[in-house]
S.K.: 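Sharing a structure here in structure tokens format.
Reckoned from all heavy atoms, side chains included, excluding hydrogens, waters and symmetry mates. Residue indices begin at 1 and follow the sequence shown.
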Amino acid sequence: AKYNQSGEDYLESILTISREKNVVHRIDVARRMNVSQVAVTKAVKLLCERGYVYEEGKHLYLTEEGKLYAERVYEKHCIIREFLVAIGVSPTNAEEDACHMEHLVSEETFASMKRFLAKTK
């Protein structure tokens with residue numbers, strides 16, 4: 001999948017909301033991401049076209065491919081945040097930095113971060 005920070009952020013939001021609630025609505029995504037419902041509507045349309053999301057009535061669901069993609073992005077986010085905290089970054093800054101870095105970090109760097117954290121446990 002091509003790098004798409006906005007799309008990845010929407011997928012990650014849908015994934016995390018779906019872990020907290022039985023169903024995901026556009027308003028839930030808008031609130032979590034602090035964006036308008038119009039922005040969510042546009043993003044969902046694109047994600048549906050790409051085969052990552054589907055809708056049933058007012059409910060949003062990740063397709064199998066969308067779920068795998070969202071889980072990869074979320075894993076990167078969590079590992080990067082954990083890595084940054086491990087090297088002394090404050091939890092607040094680590095969270096914010098991880099939101100940006102998860103979209104840009106190479107697979108090599110990500111794998112190295114995971115190995116580093118595995119050794120420190």
Side-chain angles (χ1 to χ4, degrees):
K2 267 185 129 172
Y3 163 73
N4 178 350
Q5 180 175 347
S6 177
E8 289 179 351
D9 287 342
Y10 280 98
L11 289 172
E12 191 176 5
S13 289
I14 294 168
L15 175 70
T16 54
I17 294 166
S18 71
R19 290 177 172 175
E20 299 163 5
K21 298 180 166 192
N22 290 336
V23 293
V24 179
H25 296 102
R26 290 172 192 234
I27 188 68
D28 300 324
V29 178
R31 286 182 182 139
R32 177 172 294 257
M33 295 186 66
N34 199 26
V35 297
S36 70
Q37 286 195 62
V38 172
V40 175
T41 297
K42 288 178 182 177
V44 167
K45 184 176 186 267
L46 279 171
L47 293 170
C48 286
E49 288 171 4
R50 294 182 179 150
Y52 297 133
V53 173
Y54 67 95
E55 297 180 90
E56 283 185 6
K58 295 190 179 272
H59 302 158
L60 301 176
Y61 299 94
L62 294 170
T63 63
E64 198 55 42
E65 184 180 3
K67 187 175 183 189
L68 290 171
Y69 188 5
E71 286 174 343
R72 281 196 312 272
V73 174
Y74 186 67
E75 179 193 25
K76 278 186 177 180
H77 178 100
C78 294
I79 294 292
I80 292 168
R81 181 185 59 224
E82 188 179 344
F83 175 82
L84 293 172
V85 169
I87 62 170
V89 177
S90 72
T92 302
N93 283 335
E95 175 65 28
E96 190 166 318
D97 289 345
C99 286
H100 300 292
M101 294 170 67
E102 68 195 20
H103 307 290
L104 303 171
V105 69
S106 70
E107 288 303 318
E108 178 187 3
T109 300
F110 177 63
S112 294
M113 289 175 165
K114 281 177 80 169
R115 279 193 305 277
F116 174 84
L117 290 172
K119 289 179 190 173
T120 62
K121 290 184 179 179

S.K.: Rounded to the nearest 0.5 Å, what separation is found between the CG atom of L104 and the NE2 atom of H100?
M.R.: 9.5 Å

S.K.: Calculate, to the nearest 0.5 Å, the distance between atoms NE2 and OG belonging to H103 and S6 respectively.
M.R.: 9.0 Å

S.K.: Between E65 and R50 (salt bridge meaning N to carboxylate O under 4.0 Å), is one present in this structure?
M.R.: no

S.K.: Return the orientation label for the H77 and Y74 ring planes: parallel under 30°, perpendicular over 60°, tilted otherwise.
M.R.: parallel

S.K.: Show the nearest heavy-atom pair for residues A70 and L62, with the distance to one decimal.
M.R.: CB-CD1, 4.2 Å

S.K.: Would you check, one step at a time, whether the test side chain to side chain contact (heavy atoms under 4.5 Å, CB included) holds for L11 with K67?
M.R.: CA-CA 8 Å; L11 289 172; K67 187 175 183 189; over 6 Å; no

S.K.: Is it true that S106 and T109 share a donor-acceptor pair across their side chains at a distance under 3.5 Å?
M.R.: yes

S.K.: Cluster question for you: counting only ILVMFWY and a side-chain heavy-atom cut-off of under 4.5 Å, with indirect links fine, are V24 and V73 together?
M.R.: yes

S.K.: Would E8 and Y69 count as having a side-chain donor-acceptor pair, cut-off 3.5 Å?
M.R.: yes

S.K.: Is any side-chain heavy atom of R31 closer than 4.5 Å to a side-chain heavy atom of R26?
M.R.: no

S.K.: Going only through I, L, V, M, F, W and Y residues with side-chain contacts under 4.5 Å, is there a path from M33 to M101?
M.R.: no

S.K.: Start with the C-alpha gap between V44 and L60, add the side-chain angles, then the distance that decides, and say whether side chain to side chain contact (heavy atoms under 4.5 Å, CB included) holds.
M.R.: CA-CA 8 Å; V44 167; L60 301 176; 3.8 Å; yes

S.K.: So with a 6.0 Å cut-off around CD of E96, is the heavy-atom count from everything else above 12?
M.R.: no

S.K.: Taking side chain as C-beta onward, heavy atoms only, is Y61 less than 4.5 Å from E56?
M.R.: yes

S.K.: Can you list the steps and then say if L117 with I79 is a side chain to side chain contact (heavy atoms under 4.5 Å, CB included)?
M.R.: CA-CA 8 Å; L117 290 172; I79 294 292; 3.9 Å; yes

S.K.: So that I can tick it off, tell me whether E71 and K76 are bridged by a salt bridge, with the cut-off set at under 4.0 angstrom between side-chain N and carboxylate O.
M.R.: no

S.K.: When rounded to the nearest 0.5 angstrom, what is the spacing between CZ in R115 and OG1 in T120?
M.R.: 13.0 Å

S.K.: For residues L46 and V38: do they belong to one hydrophobic cluster (side chain heavy atoms under 4.5 Å, members Ile, Leu, Val, Met, Phe, Trp, Tyr)?
M.R.: no

S.K.: Measure the CZ-OH distance between R32 and Y10 for me, rounded to the nearest 0.5 Å.
M.R.: 13.5 Å

S.K.: Report the distance from atom NZ of K114 to atom SG of C78, rounding to the nearest 0.5 Å.
M.R.: 11.0 Å

S.K.: Classify the angle between the aromatic ring planes of H25 and H59 as parallel (below 30°), tilted (30 to 60°) or perpendicular (above 60°).
M.R.: perpendicular

S.K.: Return yes when atom CD of E108 has more than 12 non-hydrogen atoms of other residues, nucleotides or ligands closer than 6.0 Å, and no otherwise.
M.R.: no

S.K.: How about T16 and R19: does a side-chain donor come under 3.5 Å of a side-chain acceptor?
M.R.: no

S.K.: Begin with the C-alpha distance, continue with both residues' side-chain angles, and end with the deciding distance and a verdict on salt bridge (Lys or Arg N to Asp or Glu O under 4.0 Å) for E102 and R81.
M.R.: CA-CA 9 Å; E102 68 195 20; R81 181 185 59 224; over 6 Å; no

S.K.: Heavy-atom distance under 4.5 Å between the side chains of V53 and I14, does that happen here?
M.R.: yes

S.K.: Given side chains that start at C-beta, do those of E75 and F110 come closer than 4.5 Å, heavy atoms only?
M.R.: yes

S.K.: Measure the spacing between CD of E107 and CZ of R72 and express it to the nearest 0.5 Å.
M.R.: 8.0 Å

S.K.: Would you check if the side chain of S13 reaches a backbone N or O of V29 as a donor-acceptor pair within less than 3.5 Å?
M.R.: no

S.K.: Just wondering, do D97 and I80 contact through their side chains at under 4.5 Å, heavy atoms?
M.R.: no

S.K.: On a heavy-atom basis, which atom in A94 and which in V89 lie closest, and how many Å separate them?
M.R.: N-CG1, 3.6 Å

S.K.: Going only through I, L, V, M, F, W and Y residues with side-chain contacts under 4.5 Å, is there a path from Y54 to L68?
M.R.: no

S.K.: Same cluster or not: M113 versus L84, using hydrophobic residues (I, L, V, M, F, W, Y) connected whenever any side-chain heavy atoms lie under 4.5 Å apart?
M.R.: yes

